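Take a look at the structure set out below.
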Amino acid sequence: MAQRTFSIIKPDAVRKGSTGAILAEIEKAGFKIVAIKKQSISKQQAEGFYHVHLGKPFFKGLTEFMSSGPLVLLVLEKDNAIADLRKLMGATNPADAEEGTIRKKFASSMGENAIHGSDGEETAAFEIGYWFAGYELI
Ligand code: CMP
């Protein structure tokens, strides 16, 4: 059954000019783009989005990085979207990412790792609702 997931093309990938290439990988893998917007986010918005990581040693660096420049917010749809996107993304640390994955091709470090994808159904629902209004999902 078609499932929705949430994704971000992170500021490192946008800065490098990899947005189009990453979108092409996503569409080639069979995802429908339900919603898409490029914007800059504040540190406060990043802190709210990553609230589950509050207190972790990488929280400050992560939220500073995510608010350091424009990024692309996405809602994607396909059968098994959540697991399939995470497979397409590759491991969080690009050094561990498999050949052919987005992080292997476009990411440079654990922090600057090109793409985010929801890790479960509840997270996907929270993340989609955090960035998009219902009328934007088409
Ligand atoms: P993301 O999927 O966006 O969710 C949390 C992010 O924290 C993760 O990708 C990484 O980019 C970032 N991060 C930075 N350092 C670490 C770390 N040591 N362990 C896990 N995630 C980290």
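Ligands are counted one by one from 1 in listed order, and the atoms in each one are counted from 1 as well. In what follows, every heavy atom counts, from backbone to side chain, and hydrogens, waters and symmetry copies are set aside. Counting from 1, the numbers follow the sequence of the chain as shown. Note that the structure is a prediction, hence the values are computed from the model and not measured.
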Take atom NZ in Lys87; do more than 12 heavy atoms of anything else shown fall under 6.0 Å from it? no
Should we say atom CD of Glu136 is surrounded by more than 12 heavy atoms from elsewhere, each under 6.0 Å from it? yes
Contacting atoms of ligand 1, where contact means under 4.0 angstrom from a heavy atom of Tyr50: 1 (P), 3 (O), 4 (O), 5 (C)
My understanding is that only one of Tyr130, Phe31, Phe49 makes a ring pair (Phe, Tyr, Trp, His ring centres under 6.0 Å) with Phe6; could you say which? Phe49
Within a 6.0 Å radius of atom CD on Gln44, are there more than 12 heavy atoms belonging to other residues, nucleotides or ligands? no
Close-contact set for ligand 1 against Asn113 heavy atoms, below 4.0 Å: 9 (O), 10 (C), 11 (O)
Could you establish whether Arg86 and ligand 1 come within less than 4.0 Å of each other, counting only heavy atoms on the residue side? no
Under 3.5 Å between some N or O of ligand 1 and some N or O of Ile115? no
Who gets closest to atom 18 (N) of ligand 1 by heavy atom: Arg103, His116, Lys56, Met110? Met110
If you count every heavy atom of other residues, nucleotides or ligands that lies below 6.0 Å from Lys43 atom NZ, does the total exceed 12? yes
Residue pair Thr92 / Arg103, side-chain heavy-atom distance below 4.5 Å: yes
How far is atom 13 (N) of ligand 1 from its nearest protein heavy atom, and which residue and atom name does that atom have? Phe58 CD1, 3.7 Å
Within a reach of under 6.0 Å around NZ of Lys38, are more than 12 heavy atoms found that belong to other residues, nucleotides or ligands? no
Taking distance alone, with no angle check, do Thr92 and ligand 1 share an N/O pair under 3.5 Å? no
Using heavy atoms and a 4.0 Å limit, tell me yes or no: is Phe65 in contact with ligand 1? no
Lys10 near ligand 1 by a heavy-atom separation under 4.0 Å: yes
